[in-house]
Structure formats: C-alpha cells, structure tokens
Amino acid sequence: MKKLIVVLLIIVGNITYSQKIEFLERNDTIEKPKEKLFVFICPETDLTTSKLVAKIKATGNINDVFSLFQTIKNEVQKIGANAFRFEDFNKIGDGNGELIVSTYFCKERVFENNYKNIPKNKVFIFGNQNLSERKSENFKINEEEHEINSGVFKEFNLKIGEQLKINKGGGKTGKTYWINGEEDKIATFFSFTGIGLVENTFKLETEIGVIKVKADPFNIIDPNFGLTLLNIFESQK
C-alpha cells in the first residue's frame, strides 16, 4: 500500500493573515474518507474513477503560502475530499496571492497509481516561503557551497546506495543532514526556515510514502505540500 496514515502531525502555528475561501465548483459526495488525508495528485495520474468534490480558491497574504494551503485542506476535508490536484497560483494586488486546486474523493487504487508518478530519489530544498521578501541562505551539499533565495527551490539527485550530505551553518549551532538513496524512495522536501514540521525522528511516514533520515532536528516538509510548492516556487539552478 502506497498511501500511509500520517503518524507525525504537521505543527501549524496560528494563522496571522486572514484567508478568503471561494468555491469555484462544488459537488455533493456520498462517500466519505475513513482517514483524514489530503494527497497531492500528479498531473499524469488518471482521475476518471474519482469524484470531483470541489474546485476551490484561497486568497491571502503571500507572506505565508502554507496558510493558503492549510486553509483549503481544512475546508475541503469537511466535505469529503481526500486528494487534490494543483491548478494555479497567482500573485495579486499588493502582497496577496491566490491558490487554486481541484479536490477529489479517491479510492485506494488511485493512490497506488499516483505513487508511481511521484519523483523518486530527489531532494528539494526550498527558500524562505515569504514571497514578498528578498532573502538568501547559504548551505553545502557534499561540501559544495550553495545559496537559496526566497520563493525558489533547488533540486538534487540521490543515487541509490549513496548518501547526500547537507550542511547548514558551522560550529555548535550548525546542522548536518544525511539522506540515503534507496530503491523507489519518494523525494525529500525541506527548508531551513520553518515550512512544514520540525521533528528529530529518523523515520517519517507520510500520506504518500516513507522518508528515512539521519539528522539533528530540522524542517522537513510534508510531501503533499512540497509537491505543491514545486508549482508555486521557481526553480533555481
């Protein structure tokens, strides 16, 4: 089974920016999920057998992209959605943005097929999620210097059987992360600035797979939100 129950909860702070929700389309669904899931559905995944629950738009401050995502998730889970497909993200007005997704009720087979389309053996590192701020951070990949800016991500490949070493800072306050390349391992998503959850466990079971890490406490991003951010942030070479 390629859809796992979340055993680690995302730590969500108080949402300080008001979010506006608008249903662009809404349908009734008799079937309700047994588990509270919100799984990212890849563009290649067939949704013919799935039920469109709602197409929904969240509008709010681009200082906190995660709160737009979380607001949608909380709203559509109430009406039976357990999956979503990214539609669009736009900056609007003065410091605001709108996130649009289509949400679905999907059965187990759809999640199994979807798993095949999720990136494997990759590491995505995201910059600051405040899209109105210009901020950069430095880090090392296997001792090579890198810089990441706000609103962008960098992609690194993992080789099966090898280890990727990520270092941020130095001295007593520095952190080092090791991520192993393994057969059919879903991509790892994380940042240095508070997107997602903070955890110091060595194994994360998420809705779409297992992430194994060996690290000090760090900010690992829920893969469903991480896959969404790949459509919102720009790729930085």
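- Follow the hydrophobic side-chain contacts under 4.5 Å out from F86 and you reach I21 in the same cluster.
- T59 approaches L68 most closely through the heavy-atom pair C-CD2, 3.7 Å.
- Annotation: side chain of V39 is not in contact with side chain of C106 (no heavy-atom distance under 4.5 Å).
- E75 contributes no side-chain N or O that, together with a main-chain N or O of F23, makes up a donor-acceptor pair within less than 3.5 Å.
- Other residues, nucleotides and ligands place no more than 12 heavy atoms under 6.0 Å from the CD atom of E234.
- The hydrophobic cluster containing I166 also contains F156, counting ILVMFWY residues as joined when their side-chain heavy atoms lie under 4.5 angstrom apart, directly or transitively.
- Aromatic rings of F225 and F189 (six-membered ring for Trp) have centroids beyond the 6.0 Å cut-off, not under it.
- No side-chain heavy atom of S102 sits under 4.5 Å from any side-chain heavy atom of F84.
- Nearest heavy atoms, P223 versus I186: CG-CD1, 4.1 Å.
- Side chain of N114 to backbone of F40: a donor-acceptor contact under 3.5 angstrom is found.
- The line from CG of N82 to CD of E35 is 9.0 Å long, rounded to the nearest 0.5 Å.
- When all heavy atoms are compared, the tightest approach of I148 to I125 is CD1-O, 3.7 Å.
- A distance of 9.5 Å separates CZ in F66 from CD1 in I221, rounded to the nearest 0.5 Å.
- Both the sub-6.0 Å distance and the 45° axial angle are not jointly satisfied by K154 relative to the ring of F233.
- The closest donor-acceptor contact from the side chain of R85 to the backbone of T45 lies under 3.5 Å.
- The backbone N or O of N128 sits nowhere less than 3.5 Å from a side-chain atom of E133 that would complete a donor-acceptor pair.
- Atoms CG and OG, from N61 and S67 in turn, are 8.0 Å apart once rounded to the nearest 0.5 Å.
- In this structure, N167 contributes its side chain and K140 its backbone to no donor-acceptor pair below 3.5 Å.
- Screening K91, K57, K20 against E98 for a salt bridge (charged side-chain N to carboxylate O under 4.0 Å, His left out) leaves a single residue, K57.
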Please evaluate residues I179 and F190 with respect to the criterion side-chain contact (heavy atoms from CB on, under 4.5 Å), reporting the C-alpha separation (whole Å), side-chain torsions for both, the decisive distance (0.1 Å), and the verdict.
CA-CA 12 Å; I179 304 177; F190 67 95; 3.7 Å; yes
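- Considering only heavy atoms from C-beta on, L229 stays 4.5 Å or farther from F153 through its side chain.
- The structure places CG of D222 at 10.5 Å from CZ of F38, a figure rounded to the nearest 0.5 Å.
- Placement of L158 and F139 within a single hydrophobic cluster is found when ILVMFWY residues are connected by side-chain heavy-atom separations under 4.5 Å, directly or transitively.
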Given the rule in the side chain to side chain donor-acceptor pair (under 3.5 Å) test, do E155 and S235 qualify, once you have shown the distances and angles that lead to the verdict?
CA-CA 8 Å; E155 176 183 342; S235 175; 5.7 Å; no
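- Between N130 and S150, the side chains place no donor N or O within less than 3.5 Å of an acceptor N or O (distance only, hydrogens not considered).
- If you chain together hydrophobic residues whose side chains sit under 4.5 Å apart, L37 and L52 fall into the same group.
- Atom CG of residue N27 and atom CZ of residue F105 lie 14.0 Å apart, to the nearest 0.5 angstrom.
- In this structure the side chain of L227 reaches within 4.5 angstrom of the side chain of L230, judged on heavy atoms.
- If you check the side chains of N121 and E182, you find no donor sitting under 3.5 Å from an acceptor.
- Rounded to the nearest 0.5 angstrom, K120 NZ and K185 NZ are separated by 13.0 Å.
- Figure legend: K168 and F192 shown as a cation-pi pair, the cationic atom lying under 6.0 angstrom from the six-membered ring centre and within 45 degrees of its axis.
- V152 approaches Q236 most closely through the heavy-atom pair CG2-OE1, 2.8 Å.
- You'll find the side chain of V76 stays beyond 4.5 Å of the side chain of V101, heavy atoms only.
- Under the 4.5 Å side-chain heavy-atom criterion for ILVMFWY residues, a single connected hydrophobic cluster contains both L99 and I79.
- Across all their heavy atoms, E147 and S136 have their closest contact at OE2-OG, 3.5 Å.
- Between the Q129 side chain and the V65 main chain, a donor and an acceptor come within less than 3.5 Å of each other.
- Relative ring orientation between F124 and F126 is described as tilted, the plane-to-plane angle lying within the 30° to 60° band.
- Nearest heavy atoms, I62 versus G97: CG2-N, 3.3 Å.
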